[in-house]
Structures are given as structure tokens and as C-alpha cells.
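Here the structure comes first, spelled out in C-alpha cells, and everything after it is commentary.
Whatever order the structure lists ligands and atoms in, that order sets their numbers, starting from 1.
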Amino acid sequence: MQIGIVGKPNVGKSTFFSAATMAGAEIAPYPFTTIKANKGMGYVRRVCPERFFGVKCNPRNAACTDGTRYIPVELLDVAGLVPGAWQGKGLGNAFLDELRQADALIHVVDASGGTDADGNQVAPGSRDPMEDVRFLEREISMWIKSILDRNFQKTAKRIHLEGLKVEAVIQERLSGLGVQAGDVSAALRSTGVGQDPTEWTDEQLYSISDAIRRISKPMLIAANKADMAPEENLRRLAELSGYAVIPCAAEYELALRKASRGGLVDYLPGSRSFTLKEGTQLSERQSKALEKIRSYIKDRGTGVQQAIEEAAFKLLDLVAVFPVEDEHRLTNHQGDVLPDALLVRRGSGPREMAYRIHTEIGNKYITAVNAKTKKPIGHDYELQDGDVVKIVSKA
Ligand SMILES: Nc1nc2c(ncn2[C@@H]2O[C@H](COP(=O)(O)OP(=O)(O)OP(=O)(O)O)[C@@H](O)[C@H]2O)c(=O)[nH]1
Ligand SMILES: [Mg+2]
């Protein structure tokens, strides 16, 4: 599962990414700082089942703090997109290609209105962030359309003459983008086009591409630089964009995580406060900066953690499940308690979970046991958030 961080240049994508992953991507106040995409792990929070069982876990793939488990999810920070990206402007087509595998998108917008269409700094308030929303939608939809368009008339004739299923042909063409057959059917239904593609107009092809984008690359807006954004901009984005809008101050999140790593403060990502570590000596500048951050986050946090969690749990509808090898001791064969946490799509069953652990375990799957109830789980059981599951497979 991968979440793409997208937007025009210089809006704070790499700042958001660095804060979320602590991977240290390059950040600078001008466009095209990022050229090569950055990949890293962000985290979503879930209640750790250690609370239910009254035990202490030894997590292998992430931390657990006071019963809150951090579960890794892959983030991708790509280069900024400028108008005309889908046609190759500013290397846009190459950058868009990096989003093929993204399952959901966090669109980072400069809510302060302080960057123009190409990402150059302008006076805050001079750019309407709603324009950024519409621009990005169009670039991605046009990119999808450009892939559909290649030899489209020829393909349409074949579909018509040979009686092929139009959904299947489109899906095959877009399979490299992670588009599912169901996505195409839903898109065709929502646009209400006829079954004969030789009759589709260019506008209809755009509408279809746009619908496929909405369904297969669900998106939310991280309204970044909210620390200096006019409230009016945030309000308009929430009212007009048609997306979930999360005010963000990625720079503050990054500062807090660095201060936490540096041992200056105690701060849990996503919380609305932090405390200074005892005995911390701060310079006047540091102290001022932290107080500014303190007063900002008390009402809404920095938004970074919230945006990632909303993408994972609302856009992608993931649930967290915890595989164990011994359902009584809740351990793997090394004796680690509740060692792993996995994110799977809601609706997944125990066999899919087995495949996620290892292909071989999936192939040899026999049955599964719910460690909370100690009862066997049927093949058609839908995994629930927080389930702890023992997979039984052939030796
Ligand atoms: N005020 C404010 N500035 C921010 C915030 N987040 C990032 N910035 C600044 O915005 C500028 C651009 O940040 P980057 O993270 O490099 O932006 P980007 O979108 O990755 O830029 P490209 O890689 O060039 O597309 C830097 O000067 C950051 O310090 C924020 O929350 N508030
Ligand atoms: Mg960048």
C-alpha cells in the first residue's frame, strides 16, 4: 500500500514527507528541489491489542508507546507538477509515471497562497489555492486520458467489431496504474456514456479519465503552510474543493520531530502538545520558535499525522491486523509478543492476510484462529480492525 504526496513545486511536499518519515529529504524555498522521488515509511496509529490481552508487546516493524501502536505505511514524495505536466512540461510526464503504484494521494497545497502556478514565491495571499486543486485534478486526469488515447480509435473499432468488453480493454490499458476492473465499470456508470466506444467524444473520454482518477487514486488535501494562511483560504478549500481538507503545518511537525529526536522535547506525533525535557537548555531563538509552535498546535495539531491516517483509514479503508504463530502466548516462533502489524483492505479475509505474510504461507493456508476468541475463522470472514490472527498452514 503506497500513499503518494503530490502537488505543484515548493508547497512543502518534502517537508511533509521528512516530518512523517524522518528520512531527511532535501527541502528548499524554490521549485524543483526534489527531482528524484523519495520513498520512505510513515506511520499510522492504532490501539495495540496488548491492552486487550493485558500483556506487553515486542514490536518488530514499528514502535508502541503506551498502548498506541505505530504501523508503517509507504509514502512517496515526488517532484512538483506544473501546468502542462501531462504533456511533459517540467518533466511532468516522468514525474506522473512515478505515481502509477500510488493507491491514494495526499495533495499538498500552499494554503497561504504564497506560491504561483510554477512554485515561485509570491506575496502570501496572492494565489488562490483552489486553483491548485483544479489544476492538479486536470493534470492527473489528462495523464490518464493520454494513456487511454493512444490509438484509441483503432482500439475502439476492435472493441466494436470483435464484441470485446470495453471495461476489460480499458482496464488492461490502465493496469500499470493500478486501475481495477471494478474501477472502470464504476467510472463508465458514473459518466453515463454509451457502450460503443467508437461514438465517444473527446470530452467524454476526459470525463471517463477523470472518473477513473477519482475512483482509483482517491485524494485528500493537506492545506499546508496553514501557520501563515488566511482563515478564509482554509474555509474556501473546505467548502469548495470537494475533498477532505486537513490544515497542516509540516514545518512545525518537522521541527517537533527533530526536537524530540534531539532529546529536547517529548512529543508524540499527532498530539496537540509537547513537553520540554527536564534540564533542557534552549537558546532564546529555539524557545521562541517552540512557543509559537505550542500555541499553534493546541487547537489542531500539525495535521501531518492526521492526513496520513485519514488517507489510510478513510480513503483506502485499511484495517490493522496482527499475525501471531501461537494464539495462546500471542507470539511468533522467536517468542516476541504481538511482533507484527499489517494493514489490509477492509473486506480482506484470513487467506489474503496469509499471502501478505508470505506467498508460501498463503499457498499452504488451511485455516485461521481468532486469538481474541480462540475460535476458528471461516474462509469468508472479513478481518476486523485490531484482529489478532493465527494462520494455520500445511507444514
Ligand atoms: N510557513 C511554512 N513554510 C513551510 C511549511 N512547510 C514547508 N514550508 C517551506 O516551503 C518551502 C518548500 O518546501 P519543500 O518541502 O522543499 O517543498 P516541495 O513541495 O517538496 O518543493 P519541490 O521539491 O521543489 O517541489 C521551504 O522553504 C519550506 O521550509 C509550513 O508548514 N509552513
Ligand atoms: Mg520536494
Side-chain angles (χ1 to χ4, degrees), residues 3-40 42 75-85 89-92 94-96 98-99 102 105-127 129 132-133 135-136 139-140 221-231 233-234 237 245-259 269-270 288-290 292-297 299-308:
I3 300 171
I5 301 171
V6 295
K8 73 180 184 186
N10 209 10
V11 292
K13 298 179 297 299
S14 298
T15 308
F16 185 105
F17 171 86
S18 298
T21 61
M22 287 303 277
E26 199 178 337
I27 296 167
Y30 42 77
F32 295 112
T33 303
T34 307
I35 297 293
K36 198 176 161 297
N38 298 300
K39 224 186 245 186
L75 300 179
L76 182 74
D77 164 37
V78 296
L81 298 167
V82 294
K89 203 175 152 226
L91 289 178
F95 299 159
L96 280 161
E98 307 207 80
L99 295 175
L105 302 175
I106 293 178
H107 179 190
V108 180
V109 169
D110 175 356
S112 76
T115 31
D116 68 14
D118 295 313
N120 301 302
Q121 271 183 350
V122 291
S126 52
R127 165 88 178 172
D132 294 351
V133 178
F135 135 77
L136 193 90
E139 292 304 324
I140 299 177
I221 294 177
N224 196 37
K225 308 194 187 182
D227 51 291
M228 49 184 261
E231 278 303 316
N233 280 5
L234 296 171
L237 278 170
V245 175
I246 297 158
C248 282
E251 201 162 69
Y252 287 175
E253 180 72 18
L254 183 59
L256 286 173
R257 297 229 189 165
K258 283 185 173 165
K288 258 200 181 142
L290 282 176
K292 203 165 140 195
I293 296 177
R294 189 193 296 287
S295 74
Y296 175 89
I297 66 169
D299 295 327
R300 55 185 170 204
T302 69
V304 170
Q305 191 60 33
Q306 195 192 336
I308 296 168

* Has Lys89 got more than 12 heavy atoms of other residues, nucleotides or ligands less than 6.0 Å from its NZ? ->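 Correct, the count exceeds 12.
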Proximal atoms of ligand 1 relative to [X] (non-hydrogen, under 4.0 Å):
X: Gly80; value: 25 (O)
X: Met228; value: 1 (N)
X: Pro31; value: 24 (O)
X: Ser14; value: 15 (O), 18 (P), 20 (O)
X: Ala249; value: 31 (O)
X: Ala28; value: 11 (C), 12 (C), 13 (O), 16 (O), 26 (C), 27 (O)

Point-to-point distance, once rounded to the nearest 0.5 Å, from [atom1] of [X] to [atom2] of [Y]:
X: Ser14; Y: Asp77; atom1: OG; atom2: CG; answer: 3.5 Å
X: Arg127; Y: Gln121; atom1: CZ; atom2: CD; answer: 14.5 Å
X: Lys225; Y: Asn233; atom1: NZ; atom2: CG; answer: 13.0 Å
X: Glu26; Y: Lys36; atom1: CD; atom2: NZ; answer: 12.5 Å
X: Phe17; Y: Thr34; atom1: CZ; atom2: OG1; answer: 9.5 Å
X: Thr302; Y: Ile293; atom1: OG1; atom2: CD1; answer: 9.5 Å

Specify the protein heavy atom at minimum distance from [atom]: its residue, its atom name, and the distance to 0.1 Å.
atom: atom 10 (O) of ligand 1; value: Lys225 NZ, 3.2 Å
atom: atom 17 (O) of ligand 1; value: Gly12 N, 3.0 Å
atom: atom 13 (O) of ligand 1; value: Thr15 OG1, 3.5 Å
atom: atom 31 (O) of ligand 1; value: Ala250 N, 3.0 Å
atom: atom 6 (N) of ligand 1; value: Asn224 ND2, 3.1 Å

Measuring from [atom], which candidate in [options] has the nearest non-hydrogen atom?
atom: atom 24 (O) of ligand 1; options: Phe32, Tyr296, Phe95, Tyr252; answer: Phe32
atom: atom 23 (O) of ligand 1; options: Asn10, Val6, Thr34; answer: Thr34
atom: atom 5 (C) of ligand 1; options: Lys8, Glu253, Glu251, Lys13; answer: Glu251

* Do any nitrogen or oxygen atoms of Val11 come within less than 3.5 Å of a nitrogen or oxygen of ligand 1? ->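 In this structure, Val11 places an N or O atom under 3.5 Å from an N or O of ligand 1.
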* Parallel, tilted or perpendicular: which describes the rings of Tyr296 and Tyr252, with under 30° parallel and over 60° perpendicular? -> perpendicular
* Let me see the working for Val78 and Val6 under side-chain contact (heavy atoms from CB on, under 4.5 Å), right down to the final yes or no. => CA-CA 6 Å; Val78 296; Val6 295; 4.1 Å; yes
* Asked: With a cut-off of 2.8 Å, does any N, O or S atom of Thr34 fall short of it relative to the Mg ion (ligand 2)?
  -> yes
* To do: Verify the distance test for Ser14 against the Mg ion (ligand 2): any N/O/S atom under 2.8 Å, yes or no.
  =>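 For Ser14, the answer is yes, given that an N, O or S atom comes within less than 2.8 Å of the Mg ion (ligand 2).
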With heavy atoms only and a cut-off of under 4.0 Å, state how [X] meets ligand 1: side chain, backbone, both or neither.
X: Val108; value: neither
X: Pro9; value: both
X: Asp227; value: side chain

* Asked: Is there a side-chain hydrogen bond (donor to acceptor under 3.5 Å, both in side chains) between Thr115 and Asp110 once you walk through the steps?
  -> CA-CA 7 Å; Thr115 31; Asp110 175 356; 2.7 Å; yes
* To do: Please verify whether a non-hydrogen atom of Tyr30 lies at under 4.0 Å from ligand 1.
  => yes
* To do: Go through Ile221 and Val109 one step at a time and tell me if the side-chain contact (heavy atoms from CB on, under 4.5 Å) criterion holds.
  => CA-CA 7 Å; Ile221 294 177; Val109 169; 3.8 Å; yes
* To do: Search all heavy atoms of Cys248 against all heavy atoms of Val304 and return the closest pair with its distance.
  => SG-N, 4.1 Å
* Test: Arg300 and Glu231 ion pair at under 4.0 Å ->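 Yes, charged N to carboxylate O under 4.0 Å.
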